[in-house]
Protein chains: 2
Amino acid sequence: MEPKDQIGLRRANLAHVLEVLRVHGPHSRAGIARLTGLNKATSSSLVAELTDRGLVRLGSPATGQFGRPGHLVELRPGTVCGIGLEVNVDYAAVAVLDVAGTLVRHRRVARDLVALGPDGAVDLLGELASAEIAALRADDAWVAGVSVAVPGLIDVSAGVVRLAPNLGWREVPLAARLAERIGLVPGVDNDANHSALAEHAAGVAAGTPDLLYLTGEVGVGGGVISGGSLLRGATGFTGEVGHMPLDPAGERCGCGRIGCWETSVGLAALLRGVAGDDDPVRDPALDLEQRLTLIAGRARAGDARTLAALHRIGSALGVGASILVNVLNPAVVVLGGYFAVLGRWLLGPAREELCARVLAPGPAGCELVLSDLGFTAAVRGGAHAALDAVLTDPTTAPSRSATAVRQAPEQHRSTS
Amino acid sequence: MEPKDQIGLRRANLAHVLEVLRVHGPHSRAGIARLTGLNKATSSSLVAELTDRGLVRLGSPATGQFGRPGHLVELRPGTVCGIGLEVNVDYAAVAVLDVAGTLVRHRRVARDLVALGPDGAVDLLGELASAEIAALRADDAWVAGVSVAVPGLIDVSAGVVRLAPNLGWREVPLAARLAERIGLVPGVDNDANHSALAEHAAGVAAGTPDLLYLTGEVGVGGGVISGGSLLRGATGFTGEVGHMPLDPAGERCGCGRIGCWETSVGLAALLRGVAGDDDPVRDPALDLEQRLTLIAGRARAGDARTLAALHRIGSALGVGASILVNVLNPAVVVLGGYFAVLGRWLLGPAREELCARVLAPGPAGCELVLSDLGFTAAVRGGAHAALDAVLTDPTTAPSRSATAVRQAPEQHRSTS
DNA sequence: CCACTAAGTTGACTCATCCAACAAAGTAGG
DNA sequence: CCTACTTTGTTGGATGAGTCAACTTAGTGG
């Protein structure tokens, strides 16, 4: 990790320049030198190399007040991209982001993934990814990597899905299986972790070094970013917050235990709360978003039962979140999944409980916001995770001048 | 943080060598080169500089099997030391550790700190620290730093105790106040955080990059080390685990809320559980350790009430720990404070609940162990925190040859 | 006594950053 | 319109860290 070489030092400084551009936006080479603390000459040299690798470009001849105006250096859109994939219960998705953070492409296909099974899922994901990779290569862009979000317990280093209850998967070597289809080894991670990365990189909480992301789906998952990096834990299973035992007198959970947080804030609790057994919301022909639209409509119309249920869920959400806030002390808690869709009615009671229960003084512990990435957070996070490899080691991106001469004969290897 | 200079690179490599020696024990320069991936020549040069700074020394002429035997390089005891301080309700303590991790000195004085108040505490801590600093200077040792552990909410960067309920402190600028007495600015941190550092550096869980430390005192505190470094959170208030609301039908907590974890596993719960109103354990003349000895004696003797209470507490401990384990996924959970003293009776039921509730597959999530540092963990952790400055930047330690010539006239500045 | 092996040192070499001087490209004011 | 001023970006030389390869040193084993 720590550079030990001069070349490692160079790597770190290249990465540092990219980081500065990501955080502070376009700047002249002199400005970069000031921001990084490096010498002007070094800054120029670094920018030259990054330009050669297609990561930055010289933009508009900047707005100067005095003296010679500089040329702005900006992250170059379109040339170096990361691909994010997502599997979920009833859909799969793909997203392409470039280093500038712009969404190049996003596609989502509805499919019953449980019925397809792991084999079918690998086929589907492979197709989605291969199409994007081919399109990017045709565009002369370079693919920095691919990363897949899966709702379940993931062994990140091995690229294996250990357990994904909602998909019915167990011990699926997803990275290896996908690698056969797309020609490069993808990363695999939990969907909440990927979503947290997306929020950290580009969402409402962009740049916040300490944030907590909560997904509201069938289960409730958590992704934790602390000190600027994703918490992984000893075996990669952090953020399993759905089964916190919050009420010994509560209901039985799908996991077999009593009073798990999920039983009061999960999707099942929502449906149970707002709708009786023969309510149209439960129509199996409806998908998640249609149901949520229906519920939101009732809430907007002032339906008492709906509002009461949402209030109850909001409070329970606040109680559970307070535990996590006291343990992790994030600056922001981002609510994703269905929480974000119905957030308007959940946020009030949730904030009330949260603020009442957080021990840390000041308002710092109480910032609770809704994700603006909606259900796309996980895919986008995957793309960010894939891009992270280039952003921390820009030398992995191929040189566009030298390579053409020196590495041209080896092109086949890099495309394999 | 990241080195950007060659001199930053040098710093990082010096630190890397120290790290290797700390983790892998004494090695020859050639061995260090292999372990670090650096060149033999570089390794020699780095070791020479570290020797000059008093951080390492050449030890025994190593045990070789073939070829020329190397001289072992080892962390040098006694010359570069960190000082840890601790304030608690009924005692204050000081500990001195050297870079080799050996406890040079440990002293603990019983005192009613609540009665003394912040001013008295500053006096007492100042005396304890100054005595050690003077002794070390007389020994020609160099003090790398001082760090104080306080049971409460600490603003680490400002060195201010925001709130320490058990001490009755509020907004005490401890770092600044102590700096006046001892001539250097000490670090200040939460006692659980410091204890976690101690366990990470030298306790039962030494070297584990992901661990959770739980203190059993009047309150219950948590220190989290994840990915090899201490979790601090946005404002430095991580690990406030005592007030997790685990039972809506539970007892009222000192914080005013219902069913906090502390109400079932804190020291008050222990006393309530094992002893009636007029039980000798409640004799106000007894201090904590005497009470615990008494309780342990009864448990050993098979007293039914005591055993039942401990079993109940153990279970509650496991339930609460399971939440933290699911969120943080540590490899080890270390129990400190009174949990460690009575651990023999708590561990069984706690492990049972923990293993039943942890979602992560395999035995990884279930390792629950007792601290072997006992009530000294926090002070020791302070000393480790102080040493951390030198270990991450060895160039802060004064050169012993060049300094004698070049910096001799400036000696006064460095001792001020 | 002589191969053999591995440790540690030395001096030449590479390469990244720094430094200082300089050329370039604008603005402000007479 | 021209000149002083300010800031950008480049250039060539200096510093210094790490690498490499050859060499010396110091043991073991036959």
Side-chain angles (χ1 to χ4, degrees), chain A residues 2-17 20-21 26-53 56-74 393-395 399 402, chain B residues 2-17 20-21 26-53 56-74 393-395 399 402:
Chain A
E2 289 271 308
K4 50 184 193 31
D5 261 330
Q6 286 107 313
I7 93 153
L9 181 59
R10 180 78 175 175
R11 238 199 300 272
N13 282 336
L14 288 167
H16 194 185
V17 170
V20 161
L21 291 176
H27 271 275
S28 70
R29 275 160 285 195
I32 292 171
R34 272 192 302 270
L35 287 167
T36 55
L38 293 163
N39 191 280
K40 254 194 313 176
T42 312
S43 173
S44 286
S45 155
L46 290 168
V47 167
E49 180 166 351
L50 290 172
T51 306
D52 177 52
R53 295 189 186 279
V56 304
R57 70 178 180 195
L58 267 69
S60 43
T63 148
Q65 55 281 58
F66 265 114
R68 170 179 171 180
H71 274 72
L72 289 182
V73 177
E74 59 185 19
D393 181 4
T395 60
S399 162
Chain B
E2 290 270 309
K4 49 184 192 33
D5 259 332
Q6 285 109 314
I7 94 151
L9 181 59
R10 180 79 173 175
R11 238 199 300 273
N13 282 335
L14 288 167
H16 194 185
V17 170
V20 160
L21 291 176
H27 271 276
S28 69
R29 275 161 285 195
I32 291 171
R34 273 192 302 271
L35 286 167
T36 54
L38 294 162
N39 192 280
K40 257 195 308 178
T42 312
S43 173
S44 286
S45 154
L46 291 167
V47 167
E49 180 166 351
L50 290 172
T51 306
D52 176 53
R53 296 189 185 277
V56 304
R57 68 177 181 194
L58 268 69
S60 43
T63 151
Q65 52 283 59
F66 267 113
R68 171 179 170 181
H71 274 71
L72 288 181
V73 178
E74 59 186 18
D393 182 5
T395 60
S399 161

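Worth saying up front: this structure is predicted, and the values here are computed from it rather than measured. Letters go in sequence order (proteins before strands), and every chain restarts at 1.
- A straight line from CG of Leu72(B) to C1' of dA7(C) spans 12 Å, rounded to a whole angstrom.
- When the C1' atoms of four end pairs are superposed on the next four at each end of the helix from dC1(C)-dG30(D) to dG30(C)-dC1(D), using five pairs per end, the two resulting axes differ in direction by 0°, to 10°.
- Every residue meeting the side-chain hydrogen bond (donor to acceptor under 3.5 Å, both in side chains) condition with Glu49(B), not counting sequence neighbours, appears here in chain and number order: Arg10(B), Arg53(B).
- Annotation: side-chain hydrogen bond (donor to acceptor under 3.5 Å, both in side chains) contacts of Thr395(B) (sequence neighbours excluded): Asp393(B).
- The distance from atom NZ of Lys4(B) to atom C1' of dA17(D) is 15 Å, rounded to the nearest whole Å.
- Residues satisfying the side chain to side chain contact (heavy atoms under 4.5 Å, CB included) test with Ala33(B), not counting sequence neighbours, are Lys40(B), Ser43(B).
- The nearest whole Å value for the distance from the CZ atom in Phe66(B) to the C1' atom in dA7(C) is 15 Å.
- Residues Asp5(A) and Gln6(B) both approach DNA chain D. Their nearest nucleotides, taken by heavy-atom distance, put Gln6(B) toward the 5′ side.
- Between Thr51(B) and Arg57(B), the closest side-chain pair of non-hydrogen atoms is not below 4.5 Å.
- Residue pairs meeting the salt bridge (charged side-chain N to carboxylate O under 4.0 Å, His left out) criterion with at least one member in residues 29-38 of chain B, sequence neighbours excluded, do not occur.
- Here the closest non-hydrogen pair linking Val73(B) and Leu21(B) is O-CD2, 3.5 Å.
- Rounded to a whole Å, the NE2 atom of His16(B) is 12 Å from the P atom of dG18(D).
- Candidate nucleotides dG9(D), dT19(D), dA26(D) were compared by shortest atom distance to the side chain of Ser28(A), and dG9(D) ranks first.
- A heavy-atom distance below 4.5 Å is found between the side chains of Thr42(A) and Leu46(A).
- If you take CG of Asn13(A) and P of dA17(D), they are 16 Å apart, rounded to a whole angstrom.
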What N/O pairs connect the protein and nucleotides 9-13 of chain C at under 3.5 Å? Give each pair on its own line.
residue	atom	partner	partner atom	Å
dT9(C)	OP2	Ser44(B)	OG	2.8

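- Atom pair Arg34(B):CZ and dG8(C):C1' shows a separation of 12 Å (rounding to whole Å applied).
- Each of Val17(B), Asn13(B), Leu50(B) was scored for a side-chain contact (heavy atoms from CB on, under 4.5 Å) with Pro394(B), with one residue passing: Leu50(B).
- Atom NE2 in His71(A) sits about 8 Å away from atom P in dG9(D), given to the nearest Å.
- Between the CD1 atom of Ile7(B) and the C1' atom of dT15(D) there is a distance of 12 Å, rounded to whole Å.
- Between His71(B) and Pro61(B) the shortest heavy-atom distance is NE2-CB, 4.0 Å.
- The residue Arg11(A) sits apart from the nucleic acid: no heavy atom pair falls under 4.0 Å.
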